[in-house]
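What follows is a single structure, written as structure tokens, with notes after it.
As the structure is a prediction and not an experimental result, all values here were calculated from the model. Along the sequence shown, residues carry numbers from 1.
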Amino acid sequence: MIGDNHNRSRGLYGRPAYEHDACGVGLIVNLGGGRTHDTVDRGLKILEHMVHRGAEGVDPQSGDGSGIMLQIPHEFILLNGIPVPERGSYGTGLVFLPKDAYSQRTAVGTIEKECAKGGFDVLALRDVPVDSSILGQGSSATEPAIKQIFLTDKSGAGNLELRLY
């Protein structure tokens, strides 16, 4: 079939050189940009069915960190007392840091310095609440400190999302 051959040669990326294995990846998106809880439910359903890929180690409580990515509502951020500007003029992400205080300060200092070099201001770092009691031995031995970082573009270069990516 012409259509099948065309799609096979074009692939997901349009260039065969970019094709590669992605074992254990599942995507659920709303191409129209709508926000629904159904999208989250479907993403969680995918995770439930991914044990086959080896996401559990010898200790079944220690997984590989699989999860879902979703947009964090601006209102949630404001309700948590984080001083951010208007929606769309800041970015957020997670950073995984050492647990000991000295190494953590050093890492945060490096992050702030590199952000400044890139034209970004670090607005805030928030401790991400975690329940470490559920971790298995393997995970708890290497559990990082997880912080949420909030950045804004001080350079005025525009296209914040693309620059942060």
Item checked: Carboxylate-amine/guanidinium proximity below 4.0 Å for E112 and K117 ->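 Answer for the salt bridge query: no.
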Is it the case that one hydrophobic cluster holds both [X] and [Y], taking links as side-chain heavy atoms less than 4.5 Å apart, direct or via other members?
X: I111; Y: F96; value: no
X: L160; Y: V84; value: no
X: F150; Y: L125; value: no
X: V95; Y: V128; value: no
X: L97; Y: V130; value: no

Mind listing the closest non-hydrogen atom pair of [X] and [Y] along with its distance?
X: L164; Y: G91; result: CD1-CA, 3.6 Å
X: T152; Y: P85; result: OG1-CG, 4.5 Å
X: S132; Y: E143; result: OG-OE2, 2.6 Å
X: Q104; Y: K99; result: NE2-O, 3.9 Å

Check: Atom CZ of R126 and atom CD1 of I77: how far apart are they, to the nearest 0.5 Å?
Finding: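 Between R126 CZ and I77 CD1, I get 8.5 Å after rounding to 0.5 Å.
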Check: Taking atom CD of Q148 and atom CD1 of I82, what is their separation to the nearest 0.5 Å?
Finding: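 Q148 atom CD to I82 atom CD1 measures 5.5 Å (nearest 0.5 Å).
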Next item on the list: Decide side-chain contact (heavy atoms from CB on, under 4.5 Å) for K147 and L94; before the verdict, give the C-alpha distance in whole Å, the side-chain angles of both, and the deciding distance to 0.1 Å.
Entry: CA-CA 6 Å; K147 295 194 182 282; L94 296 177; over 6 Å; no
How about [X]: does its [atom1] atom have over 12 heavy atoms from other parts shown lying under 6.0 Å from it?
X: E75; atom1: CD; result: yes
X: R42; atom1: CZ; result: no
X: K154; atom1: NZ; result: yes

Next item on the list: Take T39 and T36 through the side-chain hydrogen bond (donor to acceptor under 3.5 Å, both in side chains) test and state the conclusion after the steps.
Entry: CA-CA 6 Å; T39 306; T36 68; 3.1 Å; yes
